[in-house]
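This report concerns only the one structure given below.
The chain is numbered in sequence order, starting from 1.
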Amino acid sequence: MTVDKRYCMSSFLMLRTIADHDHTFQEGIDPELFEIDYDRIPVKTGEELEEALRIQTEEAAKDGKAALALSGGIDSAILAKFVPKGTVAYTFKCVVPGIEVTDETASARRYAEECGLEHRVVEVYWEDYEKYVPLLMKHKGAPLHSIEPQIFKASLTARNDGFERMIYGETADTNYGGFSGLLSRDWTFGEFVDRYSHVLPYKVLKDPDMILEPYRQYEKDGYVDVHEFNRNVFYTESMGSYTNACDTAGIDLVTPYATTIMDVPLDIERVRKGENKYMIREIFERLYPDFEVPEKIPMPRPVNEWFKDWKGPEREEFWPHCTEGMTGDQKWLVWCLERFLNMIKK
């Protein structure tokens, strides 16, 4: 394990993870990071994908010891069709007192009612983040994605309700041509580094590094193969958030989409014409003929509201005023990195 705090800080800001898993922030910390250590089931059509999802979801839920994480989107709605009637489905609801923020509970409830599921809402507050962030960072040995505390709370709720497994619809976007913005055009290497990197380290850190190797792996003739980048680099980072949250909560993670892989070239023109995740859309339309495909939204987390008045980091590693003009998601990364550095110093 290579101790390289400079590398790890910069990698987290750019990619929300430590890209090279042989690196660590500090001696004695061995980060728990996700590795693709299994073969993914190749699928060529929507029918093959539907069958793979059905088999895995039914197997996970057959003994009544699995719960479903149900959002307002199509990925988890498809899985809702494959669990037994009466299965408990949990939906996250972030709450900011006095402010209306994105709420998926009504949409999720429609799917639950359609499938005969018991719908439960897990309310998430900033106080939950303050409570759970240190626990999750200690387990991971690294700072966090902002979705991890709410995944943890939902998973912990399910475990305390007596469930052994939690089924999530994660990686559908990375595997099957979601993230329309990233796939909207051909990106040169430099353009894509700027577009994808969440926070460019030199804007925040006094001693930055540029972590370019994950991008170089998918560079061809000066352009980045974004689809392959998504279903490898993005996939690994995303799955790391779910595995850390569920492992820390003491519940098994089931991700049926993550065990499959698209085994035909992505029809990029269909995606760019508005049919992102066209295989998954086809499944949804077969299973929910009376429903419209909803607009894609990220997992709700009101970071803009939570960090509206944050003044920025105070540690010596950071430039003063470096978070001015940042989005809430970017401020989260800087805040969480500083919080992690304070924790390991202690």
Side-chain angles (χ1 to χ4, degrees), residues 36 39-57 70-82 102 104 107-108 110-111 114 168-197 214-215 217-239 255-299:
I36 304 175
D39 293 329
R40 290 182 267 183
I41 301 166
V43 297
K44 291 181 168 60
T45 65
E47 289 81 2
E48 290 181 4
L49 176 59
E50 181 178 345
E51 183 64 11
L53 297 175
R54 182 189 301 276
I55 290 171
Q56 293 179 74
T57 305
L70 182 62
S71 71
I74 65 176
D75 307 328
S76 59
I78 288 170
L79 302 182
K81 285 286 188 177
F82 305 147
T102 303
E104 294 188 284
S107 299
R110 284 190 67 208
Y111 298 134
E114 167 75 11
Y168 285 93
E170 181 55 12
T171 77
D173 288 281
T174 57
N175 268 327
Y176 292 97
F179 302 114
S180 303
L182 296 179
L183 294 166
S184 63
R185 48 166 287 198
D186 295 334
W187 300 90
T188 64
F189 182 84
E191 287 174 336
F192 189 69
V193 170
D194 287 346
R195 171 63 178 82
Y196 183 85
S197 298
Y215 301 95
Q217 294 177 57
Y218 302 97
E219 178 271 328
K220 297 178 181 178
D221 194 29
Y223 289 88
V224 175
D225 186 335
V226 176
H227 181 52
E228 287 304 313
F229 178 92
N230 283 348
R231 62 185 191 165
N232 288 281
V233 177
F234 199 159
Y235 173 100
T236 301
E237 177 262 311
S238 177
M239 282 296 293
T255 48
Y257 290 97
T259 62
T260 69
I261 191 164
M262 194 175 190
D263 196 33
V264 290
L266 179 70
D267 188 339
I268 193 66
E269 292 307 315
R270 289 186 69 178
V271 174
R272 290 175 181 174
K273 289 178 180 177
E275 289 187 85
N276 67 328
K277 292 195 297 190
Y278 49 84
M279 276 192 187
I280 295 173
R281 284 171 175 261
E282 292 167 5
I283 299 171
F284 180 85
E285 289 167 354
R286 283 197 296 271
L287 297 177
Y288 292 91
D290 299 325
F291 285 61
E292 290 187 8
V293 176
E295 182 181 348
K296 165 69 179 175
I297 59 172
M299 184 184 293

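- A distance of 10.5 Å separates OG1 of Thr45 from CD of Glu51, quoted to the nearest 0.5 Å.
- Within the 3.5 Å criterion, the main-chain N or O of Thr188 finds a donor-acceptor partner in the side chain of Glu191.
- With contacts defined as side-chain heavy-atom distances shorter than 4.5 Å, the pair Asp173/Asp75 qualifies.
- A salt bridge links Asp186 with Arg272: the closest approach of a Lys/Arg side-chain nitrogen to an acidic carboxylate oxygen falls below 4.0 angstrom.
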message = Please determine whether side-chain contact (heavy atoms from CB on, under 4.5 Å) holds for the pair Asp225 and Lys220, giving the CA-CA distance in whole Å, both sets of side-chain angles, and the decisive distance to 0.1 Å.
response = CA-CA 7 Å; Asp225 186 335; Lys220 297 178 181 178; 3.5 Å; yes
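- Screening Phe229, Phe234, Tyr218, Tyr223 for a ring-ring contact (aromatic ring centres under 6.0 Å, His included) involving Phe192 leaves a single residue, Phe229.
- With Tyr235 contributing its side chain and Ala258 its backbone, the two residues share a donor-acceptor pair below 3.5 Å.
- To the nearest 0.5 angstrom, Leu287 atom CG is 6.5 Å from Lys81 atom NZ.
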query = What do the steps show when you test Glu114 against Asp290 for side-chain contact (heavy atoms from CB on, under 4.5 Å), and what is the final call?
reply = CA-CA 10 Å; Glu114 167 75 11; Asp290 299 325; over 6 Å; no
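- Side-chain atoms of Leu49 and Leu53, non-hydrogen and from C-beta on, do get closer than 4.5 Å to each other.
- The side-chain heavy atoms of Glu285 and Phe291, taken from C-beta on, include no pair separated by under 4.5 Å.
- Residues Asp263 and Lys44 meet the side-chain proximity criterion, which asks for heavy atoms closer than 4.5 Å.
- At least one donor-acceptor pair closer than 3.5 Å links the side chain of Arg231 to the backbone N or O of Met262.
- Taking the charged nitrogens against the carboxylate oxygens, Arg286 and Glu47 do have a contact shorter than 4.0 Å, which makes a salt bridge.
- Judged by distance alone, the side chains of Tyr111 and Ser71 never bring a donor and an acceptor atom under 3.5 Å apart.
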inquiry  = Before you tell me yes or no, could you show the steps for Met239 and Ile36 under side-chain contact (heavy atoms from CB on, under 4.5 Å), namely the whole-Å CA-CA distance, both residues' side-chain angles and the distance that decides it to 0.1 Å?
reply    = CA-CA 9 Å; Met239 282 296 293; Ile36 304 175; over 6 Å; no
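- Atom CE of Met279 is separated from atom CZ of Arg270 by 9.0 Å, given to the nearest 0.5 angstrom.
- Put simply, the side chain of Asn230 never gets that close to the backbone of Gly177: no donor and acceptor are under 3.5 Å apart.
- Expressed to the nearest 0.5 Å, how far CG of Leu70 lies from CG of Leu79 amounts to 9.0 Å.
- With hydrogens and angles ignored, the 3.5 Å screen pairs a side-chain donor or acceptor of Thr260 with a backbone N or O of Tyr257.
- Between the Trp187 side chain and the Leu182 main chain, a donor and an acceptor come within less than 3.5 Å of each other.
- For the 3.5 Å distance criterion, the side chains of Ser107 and Glu104 fail to qualify, holding no donor opposite an acceptor.
- A donor-acceptor pair shorter than 3.5 Å can be found between the side chains of Asn276 and Arg281.
- In this structure, Val43 and Ile261 have side chains that are not in contact, with every pair of non-hydrogen atoms separated by 4.5 Å or more.
- Taking OG of Ser184 as the start and CZ of Arg195 as the end, the distance is 7.0 Å to the nearest 0.5 Å.
- Ring orientation note: the planes of Phe284 and Tyr288 are close to parallel, at an angle under 30° on the 30°/60° scale.
- The closest side-chain donor-acceptor pair between Thr171 and Tyr176, if any, does not fall under 3.5 angstrom.
- Looking only at distances, a side-chain donor or acceptor of Tyr278 sits under 3.5 Å from a matching main-chain atom of Asp267.
- Ile280 CD1 to Glu50 CD: the interatomic distance, rounded to the nearest 0.5 Å, is 11.5 Å.
- Using a 4.5 Å cut-off on side-chain heavy atoms (C-beta onward), Arg54 and Ile78 make no contact.
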